[in-house]
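Note sheet for the following structure.
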Amino acid sequence: MSTTAATAQVTVKTPDQMQELGRRLAALLRPGDLVLLTGELGAGKTTLARGLGAGLGVRGAVTSPTFVIARVHPSLTGGPALVHVDAYRLGGGLDEMEDLDLDVSLPESVVVVEWGDGKVEELSEDRLHVVIGRAVGGDAPGGPDGVLESGPEGGLERAPDDVREVTVIGRGPRWADAGLPALATC
């Protein structure tokens with residue numbers, strides 16, 4: 001059974017800050033790391049993944065893989081590739097995701113799974129779980145869904161005062177001394 005080794009809480013006020021958090025988080029990642037991104041639609045999961053891609057120095061624009069399910073972004077710097085998965089449309093657990101061969105990709109890549117909560121945890125006892133919370137309902141900036149309009153590259157733009165609370169949870173011994181608490185100074 002996996003235990004929580006480390007936690008960081010970060011307040012993010014803009015999409016640029018979310019990307020910067022992704023870049024800073026990427027500096028802590030290494031081949032074999034599994035990262036689960038959890039949050040409501042439009043919370044900033046893909047924006048964070050875009051920052052991870054920039055921090056890892058990978059090829060290609062990191063965009064939502066919703067319709068292709070998974071995208072592989074090879075490294076341009078000799079580091080690990082980024083395997084970016086969107087499990088939103090996948091109903092089952094790991095069995096349904098078997099065709100993606102994530103277990104094969106994991107040892108030499110950083111695997112980031114949006115909507116992976118409850119679906120891919122069995123891939124690794126050591127994993128990072130990033131939970132992005134945001135205001136929802138009628139009081140949220142930008143209306144009931146907190147979204148203003150589509151932004152560049154299909155990303156979602158938010159109101160400047162639409163604050164996200166990001167909790168980064170390291171599970172397993174890999175994350176005990178990985179420096180997660182330093183992310184809180186973002």
Side-chain angles (χ1 to χ4, degrees), residues 2 4-29 33-56 61-66 69-71 73 82-90 110-121 123-124 127-172 175 178-186:
S2 180
T4 300
T7 303
Q9 189 82 25
V10 184
T11 299
V12 176
K13 297 179 181 178
T14 67
D16 287 343
Q17 285 183 353
M18 187 68 79
Q19 282 193 29
E20 178 58 25
L21 176 60
R23 281 190 285 277
R24 293 180 65 211
L25 186 56
L28 303 177
L29 298 175
D33 283 341
L34 173 64
V35 182
L36 282 69
L37 303 181
T38 301
E40 295 296 321
L41 191 63
K45 296 178 297 298
T46 301
T47 302
L48 181 75
R50 192 172 294 128
L52 290 170
L56 290 171
V62 177
T63 59
S64 178
T66 299
I69 310 298
R71 261 195 196 102
H73 298 274
L82 172 67
V83 179
H84 185 200
V85 179
D86 187 330
Y88 181 75
R89 295 178 15 182
L90 301 177
V110 170
V111 176
V112 176
V113 184
E114 296 187 32
W115 304 98
D117 198 18
K119 297 178 181 176
V120 297
E121 289 89 342
L123 284 173
S124 178
R127 60 187 175 276
L128 202 59
H129 192 172
V130 180
V131 181
I132 305 171
R134 67 179 185 87
V136 293
D139 294 332
D145 61 2
V147 176
L148 293 177
E149 59 188 60
S150 291
E153 298 180 29
L156 300 175
E157 295 296 325
R158 303 186 306 249
D161 57 348
D162 194 5
V163 175
R164 305 304 204 242
E165 291 298 328
V166 181
T167 304
V168 182
I169 306 161
R171 298 201 186 277
W175 296 103
L180 290 181
L183 293 173
T185 61
C186 188

Residue pair [X] / [Y]: nearest heavy atoms and the distance that separates them:
X    : Y    : value
A184 : A8   : N-CB, 4.4 Å
Q19  : T47  : CG-O, 3.4 Å
W175 : A6   : O-CB, 3.5 Å
T167 : I169 : CG2-CG1, 3.8 Å
D16  : R23  : O-NH2, 4.3 Å

Using 0.5 Å steps for rounding, measure from the [atom1] atom of [X] to the [atom2] atom of [Y].
X    : Y   : atom1 : atom2 : answer
Q17  : L48 : CD    : CG    : 12.5 Å
L180 : R24 : CG    : CZ    : 11.0 Å
W115 : L41 : CH2   : CG    : 5.5 Å
R164 : L21 : CZ    : CG    : 13.0 Å
L52  : T46 : CG    : OG1   : 11.0 Å
R171 : L36 : CZ    : CG    : 9.5 Å

Do you know which of R71, R50, H84 makes side-chain hydrogen bond (donor to acceptor under 3.5 Å, both in side chains) with T63?
-> R71
Side-chain contact test, heavy atoms from C-beta onward, threshold under 4.5 Å: evaluate it for L56 versus H73 and give yes or no.
-> no
For a side-chain contact (heavy atoms from CB on, under 4.5 Å) with L37, tell me which candidate from V130, V113, V166, V85 qualifies.
-> V130
Pick one: which of L34, V83, L29 meets side-chain contact (heavy atoms from CB on, under 4.5 Å) with V110?
->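 Answer to the side-chain contact (heavy atoms from CB on, under 4.5 Å) test with V110 among L34, V83, L29: L29.
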Under 3.5 Å donor-acceptor, S124 side chain and R127 backbone |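 Side chain of S124 to backbone of R127, a donor-acceptor pair under 3.5 Å: no, none is there.
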Taking K45 for its side chain and G39 for its backbone only, find out whether a donor-acceptor pair lies under 3.5 Å.
->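 At least one qualifying donor-acceptor pair exists.
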Run the side-chain contact (heavy atoms from CB on, under 4.5 Å) check on L128 and L25 step by step: do they pass?
-> CA-CA 10 Å; L128 202 59; L25 186 56; 3.5 Å; yes
